[in-house]
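As the structure is a prediction and not an experimental result, all values here were calculated from the model. Residue numbering restarts at 1 for every chain, and letters A, B, ... go by the order of the sequence lines. Side chains included, hydrogens not; waters and symmetry mates left out as well; all remaining heavy atoms used.
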Amino acid sequence: MNRRTRDGEVDDLLKRAMPVIHSAFQSYYRLTEKEALEAEGELSLWFHRYARRSGIAQAPVRSLTLSLFLAACQYGRSLQIWKYEGREADENLARALSREPGDLASELAERLERSS
Amino acid sequence: MPGRLLRFPLKPISSEEGVEAAHQALATPRENRPGHAIALRLEEPETLLGICGLLRQQLETSPEDVWREAEFFYRFLEQPRRSVGVLDEREFFLGETALIAGTACRLLSRREDARRWFDRSEAWFRHTVNSVADWSRLSYQRLALRVEAREFDEVLELVPLLIESFEKLEMREEALKCRFLEGIVLMEVDQPTRAIERFRRIRAGARSLGNDQLLATALTNLVQLHASQGEAEEALDASRHALLVWRRLDNRVGVAKIHWGIGDLLRVKGQPGSAIEAYRAAQSEFAAIGMRGDVAALQLVVADLLLDLGESEAARREVLAALPAIEEIQMVPEGVAALTLLRESVRGRGIDRQALRELHGFFDRPTR
């Protein structure tokens, strides 16, 4: 597969996954709109590079979906843990932050799968 | 002094700019790089991605240089702690440069160094987003190292598990590379028919994936296998195809191994003089890229043939030239025993033929 085709597939996956990620950032990890948009921009750049890593570069783009959601959940969780360091988060956010990002990532991947 | 460097954020660069920056970084002498780290964009993930790609491409042709370069970038990223990209990127590049350094050490037969680099790689890959994929690539290198340490039972037990892991991750090329290890072990345990069948399947798989590197490697092993069986037509047919692909890939190790295979064929066909010429051609390619283990292995093979030709003094010179490199390589105990016998016999000016053959048996390795 040539580079342009793969980049196109990466863009396509990002386009489909971003609404799900945006929703998780805001409703689950309670990022502000501005934080969520910044996070999505960084995540998008990261994912384009991730898809070109050794070994990963030959794998089909759709097989990278879970990694994308996992990275998103790690990002959202880390940001809020950093922001709330030394302060107490409310019960819902504390529950979200105590949950393994991998669990939520799997749920998000299933949600995307169902919606496609 | 350990610490953490914080910098003003720079505008990210594109992947094309990253490749350009990678070439520029590698063209800059290592000692000048830290002072020009910002100008060279050494902390940019795109640059590092480009550097890793270039180093991987040069692994087989310049393992010594790749080792030094990978070590430089590993140390550069490690201390002082530098901010690289987002999420797991610093950890990924530390794990990846360690993996590349370890792979280069393995190719250079520096097994203890390779193990230490693989341990470092494992520690960093623990923190990557897709650690299963990264660890699987590392496991492949560790298994390749086990093949070289002749731990064949362990390899045959573990390879299917690794293949399953790669297949789950849809990393088909990596899964195919694992099948090479099976084929190599079959060659080593003297099951040429099964090994030929395995490499033919790998050849078909590589063609369907359009992977020239894997295709040429499978063909090279087929050359060696057919040659060892005295199947001249099949060996020459495979060698013609393999040479075309290796030359297209500008891979000197591949070309050297084809010469080696042709040497084996000529030896089996009872043409020792021509076989020595082919081995010498392979030797000079290996020497040019610093693959001391392979040079030494061929010196032992040539010594064996020279003994066949009654040229015992020339054979002795070959063995004496090979010994320093062999002594530097960490050998399995049986290899050490054969080495001791050979060293003693050469000192007594009469070569122990059995020890010579046993020793080159430990080196006479197929292509991975």
Enquirer: Name the region of L99(B), side chain, backbone, both or neither, that has any atom closer than 4.5 Å to a heavy atom of chain A.
Expert: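 Answer is neither: L99(B) stays 4.5 Å or more from chain A.
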Enquirer: Could you check whether atom CD of E33(A) has more than 12 heavy atoms from other residues, nucleotides or ligands sitting under 6.0 Å from it?
Expert: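 Atom CD in E33(A) is crowded, with more than 12 foreign heavy atoms closer than 6.0 Å.
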Enquirer: Take V86(B) and R49(A) through the test side chain to side chain contact (heavy atoms under 4.5 Å, CB included) and record every step on the way to the result.
Expert: CA-CA 11 Å; V86(B) 289; R49(A) 292 192 291 264; 4.2 Å; yes
Enquirer: Above 12 or not: heavy atoms from other molecules or residues under 6.0 Å from CG of D90(A)?
Expert: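 Yes, CG of D90(A) has more than 12 neighbouring heavy atoms, counting only those of other groups under 6.0 Å.
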Enquirer: Are side-chain heavy atoms of H48(A) and E46(B) found at a separation under 4.5 Å?
Expert: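 In short, these two side chains do not touch, never coming nearer than 4.5 Å.
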Enquirer: Checking heavy atoms, do the side chain of L45(A), its backbone, both or neither come under 4.5 Å from chain B?
Expert: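 L45(A) touches chain B through side-chain heavy atoms alone.
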Enquirer: What part of E174(B) is in contact with chain A, defined as an atom under 4.5 angstrom from a non-hydrogen atom: side chain, backbone, both or neither?
Expert: side chain
Enquirer: As a quick check of understanding, evaluate side chain to side chain contact (heavy atoms under 4.5 Å, CB included) for Y50(A) and L87(B), giving each step before the final call.
Expert: CA-CA 11 Å; Y50(A) 173 79; L87(B) 287 158; over 6 Å; no
Enquirer: Mind checking the CG-CG spacing from L70(A) to N130(B)? Nearest 0.5 Å is all I need.
Expert: 8.5 Å
Enquirer: Select, from A133(B), P45(B), S136(B), the one with the greatest count of heavy-atom pairs under 4.5 Å involving chain A.
Expert: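 Max contact count across the listed options: P45(B).
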Enquirer: Decide yes or no for W46(A) and V129(B): does some side-chain heavy atom of the first lie under 4.5 Å from some side-chain heavy atom of the second?
Expert: yes
Enquirer: May I ask you to name which of E89(B), R172(B), R56(B) has the most heavy-atom pairs under 4.5 Å with chain A?
Expert: E89(B)
Enquirer: When only pairs under 4.5 Å are counted, which of P60(A), S54(A), G55(A) shares the most heavy-atom pairs with chain B?
Expert: S54(A)
Enquirer: What is the distance from atom CD of Q58(A) to atom CG of L209(B), rounded to the nearest 0.5 Å?
Expert: 9.0 Å
Enquirer: Need one label for L43(A): side chain, backbone, both or neither, based on atoms under 4.5 Å from any heavy atom in chain B.
Expert: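 Just the side chain, heavy atoms under 4.5 Å.
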Enquirer: What part of F166(B) is in contact with chain A, defined as an atom under 4.5 angstrom from a non-hydrogen atom: side chain, backbone, both or neither?
Expert: neither
Enquirer: Distance check, rounded to the nearest 0.5 Å: I56(A) atom CD1 versus D134(B) atom CG?
Expert: 6.5 Å
Enquirer: Which of the residues R52(A), R53(A), Q74(A) is involved in the greatest number of heavy-atom pairs with chain B at under 4.5 angstrom?
Expert: R53(A)
